[in-house]
Every structure is written in structure tokens, then in C-alpha cells.
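These notes are about the structure you will find just below.
A, B, ... follow the sequence lines: proteins, then strands. Residue 1 opens every chain.
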Number of protein chains: 2
Amino acid sequence: MNIEEAIETLKDKGYKTTGRRKDILSFFAEADGYRTARDLIQYMEQRHDGISFDTIYRNLHLFVEMGILETTELDGEKHFQIACAQHHHHHFICKCCGKTKEVDICPMKNVDSMLPGCIIENHKFEIYGICPQCKTS
Amino acid sequence: MNIEEAIETLKDKGYKTTGRRKDILSFFAEADGYRTARDLIQYMEQRHDGISFDTIYRNLHLFVEMGILETTELDGEKHFQIACAQHHHHHFICKCCGKTKEVDICPMKNVDSMLPGCIIENHKFEIYGICPQCKTS
DNA sequence: TTCACAAATCGTAATCATTACGATATAATA
DNA sequence: TATTATATCGTAATGATTACGATTTGTGAA
């Protein structure tokens with residue numbers, strides 16, 4: 001998902017293309033990994049007079065809902081990144097820089113039979129550690 | 001892990017056996033699943049005049065650190081339950097009542113080779129859904 | 001059993017991420 | 001360019017969690 005695609009998606013659903021939205025998308029396009037709302041606020045304050053919490057959180061939620069961003073909870077704080085592949089996958093997440101790597105292993109294949117009577121709705125599989133770049137620096 | 005074991009663990013490490021700690025352990029022993037700090041506060045207020053946030057959170061953190069409780073983040077709120085088995089395992093978690101079921105599948109066996117150069121520190125694999133009891137009621 | 005003291009608890013204020021809202025500004029379109 | 005629904009702003013409110021000085025209590029020694 002790149003900025004142009006994201007803006008197309010917004011237009012298709014009747015949402016407006018605003019400067020703020022482009023800025024938010026730029027931030028995540030450059031980011032290459034998970035970032036918090038606070039990271040985004042800091043970025044926005046650097047290149048504008050200010051940014052409203054309302055705008056930050058409203059758009060983060062909207063983008064997640066539209067599949068433009070993915071979200072996960074790390075250290076008690078919500079993190080966001082550009083949605084990568086369309087197919088089902090999981091992530092290695094660097095604790096240091098937030099960078100992610102796709103992992104095409106899904107452990108759900110054999111799980112159904114182990115949970116008789118349960119309705120399985122979704123699952124989370126994440127691997128945490130240090131990426132090669134952070135390891136050497 | 002039962003209450004007696006937990007109190008032994010505390011004593012061994014030089015921590016005191018207080019009424020509050022016994023009450024907190026009783027709550028989780030009865031709970032059979034993940035509960036929030038607020039759930040615990042509500043329970044404590046029912047059988048005492050009141051309970052300090054300080055006592056709640058200090059002991060929750062202590063118990064996690066000592067392996068008496070396990071913790072996970074659900075819906076942006078920390079949840080706690082009595083640590084179950086000693087061996088490595090994962091959980092099915094009922095979104096409705098917090099009840100957990102052990103799942104003895106671990107997807108990490110083949111992951112190392114997919115992440116060359118990365119230091120893998122830990123991982124999370126959780127399955128979310130509705131348990132049989134909540135399904136029928 | 002009582003004493004002394006470190007540890008634990010209490011009550012409450014502070015913090016921090018997130019949500020909410022009335023007022024204002026702006027993108028889309030006719 | 002005029003209209004209007006949508007988006008943004010500035011700020012206050014919320015809710016979980018953390019912090020802290022004052023008080024209480026469990027524990028081990030006398």
C-alpha cells in the first residue's frame with residue numbers, strides 16, 4: 001500500500017483528500033515499521049504549527065478501518081504501520097526501531113481440533129526481538 | 001500455581017504475607033481466566049472498606065515478576081491470571097469471560113531460519129474467540 | 001509478649017494516552 | 001464562487017496507571 005493507493009481508497013469511499021491526511025500517510029510511508037500516535041504528533045508538529053489530537057486519532061482509526069494501516073499493541077501503547085501484504089501473514093517486530101519483517105508461518109492449521117466447542121474468531125502471532133541494523137549499531 | 005504455593009514463593013523471597021496479598025490471590029484463584037485490575041478493585045471493595053490503587057498495582061506487578069501471575073494486553077487493558085503450567089504453551093482466550101485454554105502448539109520451531117541476523121527475544125501467540133459456555137448462554 | 005523497624009498499605013494527586021466536543025475552516029461539487 | 005457536508009482545531013474530559021508522603025502492620029529479636 002503506497003500513498004497514491006491510499007488516497008484512491010479514501011476517494012472511492014467518499015472521504016476527502018486533505019493536507020493533513022497526506023502528511024499522515026507520508027509519515028507512515030517513510031517510517032518502515034510500527035510507530036505510535038505520539039511519534040506521529042511529533043512529526044506533524046515539526047512541519048506545522050500544531051496538530052489536533054482529534055485529527056490524529058480520528059484518521060488513525062479511519063485508516064485502520066479502511067485497511068490502509070495495521071495496528072498492534074506494544075508496551076501498552078497502540079502502534080501503527082502501513083499495511084503491507086494483502087495475504088495472511090505475521091510479523092517479526094524489532095523492539096528497538098519498530099521495523100517489521102513478514103513471517104509466512106501461520107500456526108492456526110492444527111488448532112481447530114484442539115479447541116472443540118470453541119468459536120475461533122481471530123489470533124495474534126508476533127515475534128519480538130532486535131533487527132540486524134539495531135544489533136550492530 | 002495455587003495460593004499456598006504462591007505464599008511460599010513470597011516468603012522464600014523475603015516478602016511478607018499480608019491479608020491484602022491473600023485476598024488478591026484468592027480473587028485470581030477463583031477467577032479461572034484473565035481479569036483486569038479494575039475487576040480486582042471491584043472484588044476488593046466488596047469485601048473491604050476500600051483498597052489503594054498502589055496496593056493493587058504494586059502487587060500485580062510483583063506477582064507477575066515472581067511468576068505467580070501471567071499477564072497479557074486485551075482491548076488496550078492489562079489482564080492477569082494465575083500462572084498455569086510451567087512448560088511453554090499458549091492460550092485460547094474467551095473474549096466474553098476471559099477464560100483460557102492451553103494450546104500446546106508453538107509456531108517458533110521453524111521461525112529462526114526465516115529471520116537471519118535477527119535476535120529473537122520472545123513471542124506471543126494467542127487465539128481469541130468464544131468458549132463453549134459463553135456460546136450457549 | 002513486647003519492641004523496633006523495614007515493608008506494606010492507604011488516600012490522594014499526578015501522569016499519560018486517548019476520547020469527546022463546540023467552533024471554525026476547507027475540499028468537493030454544482 | 002457559493003454551498004454544504006466533512007475535516008480540523010483547541011481544549012477539556014476520561015480512564016487506566018503511577019507516584020508519594022503519612023500511617024499501619026508483619027516479622028524477627030530481645
Side-chain angles (χ1 to χ4, degrees), chain A residues 3-4 6-27 34-66 68-69 71-80 98, chain B residues 3-4 6-27 34-66 68-69 71-80 98:
Chain A
I3 297 182
E4 290 72 35
I7 290 175
E8 270 318 300
T9 309
L10 286 169
K11 273 190 184 161
D12 290 351
K13 301 268 183 178
Y15 292 100
K16 291 179 179 170
T17 307
T18 68
R20 290 307 206 203
R21 284 184 174 150
K22 284 191 233 171
D23 292 338
I24 293 173
L25 290 169
S26 296
F27 171 73
Y34 275 112
R35 297 288 180 270
T36 64
R38 284 186 304 115
D39 294 333
L40 174 58
I41 290 167
Q42 189 180 12
Y43 170 91
M44 295 296 273
E45 280 175 348
Q46 274 170 7
R47 56 193 64 200
H48 295 88
D49 313 299
I51 177 88
S52 171
F53 291 139
D54 194 64
T55 305
I56 294 282
Y57 287 102
R58 185 170 25 75
N59 283 308
L60 285 177
H61 296 337
L62 176 66
F63 292 170
V64 168
E65 198 185 336
M66 304 192 69
I68 294 169
L69 293 179
T71 184
T72 194
E73 190 104 20
L74 303 171
D75 297 321
E77 201 171 353
K78 273 164 202 143
H79 286 62
F80 304 86
Chain B
I3 297 182
E4 290 72 33
I7 290 176
E8 270 317 300
T9 309
L10 286 170
K11 274 190 183 162
D12 291 349
K13 301 268 182 178
Y15 292 100
K16 292 179 178 170
T17 308
T18 67
R20 289 306 206 204
R21 285 186 173 149
K22 284 191 231 171
D23 292 338
I24 293 173
L25 290 169
S26 296
F27 171 72
Y34 275 112
R35 297 289 181 271
T36 65
R38 283 187 303 115
D39 294 333
L40 173 57
I41 290 166
Q42 190 180 12
Y43 170 90
M44 295 296 274
E45 280 175 348
Q46 276 171 5
R47 58 193 61 202
H48 296 87
D49 314 300
I51 177 89
S52 170
F53 291 138
D54 193 64
T55 305
I56 294 282
Y57 287 102
R58 186 169 26 73
N59 282 309
L60 285 177
H61 295 337
L62 176 67
F63 291 171
V64 169
E65 198 185 336
M66 304 193 67
I68 294 168
L69 293 181
T71 183
T72 194
E73 190 103 21
L74 303 171
D75 297 321
E77 202 171 352
K78 274 165 201 141
H79 286 62
F80 305 85

Side chains of [X] and [Y], donor plus acceptor under 3.5 Å:
{"X": "A:S26", "Y": "A:D23", "value": "no"}
{"X": "B:N59", "Y": "B:R20", "value": "no"}
{"X": "B:T36", "Y": "B:D39", "value": "yes"}

For the pair made of [atom1] in [X] and [atom2] in [N], what is the distance, rounded to whole Å?
{"X": "A:L10", "N": "D:dT8", "atom1": "CG", "atom2": "P", "answer": "10 Å"}
{"X": "A:F53", "N": "C:dA17", "atom1": "CZ", "atom2": "P", "answer": "9 Å"}
{"X": "A:R35", "N": "C:dA17", "atom1": "CZ", "atom2": "C1'", "answer": "18 Å"}
{"X": "A:R20", "N": "D:dT6", "atom1": "CZ", "atom2": "C1'", "answer": "16 Å"}
{"X": "A:K13", "N": "C:dA27", "atom1": "NZ", "atom2": "P", "answer": "23 Å"}
{"X": "A:H79", "N": "C:dA17", "atom1": "NE2", "atom2": "C1'", "answer": "12 Å"}
{"X": "A:N59", "N": "C:dA20", "atom1": "CG", "atom2": "P", "answer": "15 Å"}
{"X": "A:I51", "N": "C:dT18", "atom1": "CD1", "atom2": "P", "answer": "15 Å"}

Checklist outcome for this item: B:K78 has its side chain closest, among D:dT8, C:dT9, D:dT18, to D:dT18
Checklist entry - Taking the side chain of A:A37 as its heavy atoms from C-beta onward, which of D:dT17, C:dT18, D:dC9 lies nearest to it? => result C:dT18
Next on the checklist: side-chain contact (heavy atoms from CB on, under 4.5 Å), that's the test. Do A:T71 and A:Y34 meet it? Break it down for me.
Outcome noted: CA-CA 8 Å; A:T71 184; A:Y34 275 112; 5.7 Å; no
I want to check one thing: is the phosphate of [N], taken as OP1 and OP2, less than 4.0 Å away from some side-chain N or O of [X]?
{"X": "A:T55", "N": "D:dC9", "answer": "yes"}
{"X": "A:Y57", "N": "C:dT19", "answer": "no"}
{"X": "A:R21", "N": "D:dA7", "answer": "yes"}
{"X": "A:H61", "N": "C:dT19", "answer": "yes"}

Checklist entry - Can you check side-chain contact (heavy atoms from CB on, under 4.5 Å) on A:L40 and A:R35, steps first, answer last? => result CA-CA 7 Å; A:L40 174 58; A:R35 297 288 180 270; over 6 Å; no
Item to check | Sugar-phosphate, base or nothing in reach of A:I56, heavy atoms under 4.0 Å | outcome: nothing
Next on the checklist: What's B:R38 touching, base or sugar-phosphate or nothing? Going by heavy atoms closer than 4.0 Å.
Outcome noted: sugar-phosphate
Produce the list of close N/O pairs, under 3.5 Å, pairing protein atoms with atoms of nucleotides 27-30 of chain D; give distances to one decimal.
unit_1 : atom_1 : unit_2 : atom_2 : d
D:dT27 : OP1    : B:T17  : N      : 3.2

Checklist entry - Hey, are the side chains of B:T72 and B:F80 touching, using non-hydrogen atoms and a 4.5 Å cut-off? => result no
Item to check | Check: A:L25 and A:I68 side chains under 4.5 Å, non-hydrogen atoms | outcome: yes
Next on the checklist: I want to confirm an ordering. Mapping B:I41 and A:R58 to their closest nucleotides on DNA chain D, which one lands closer to the 5' end?
Outcome noted: A:R58
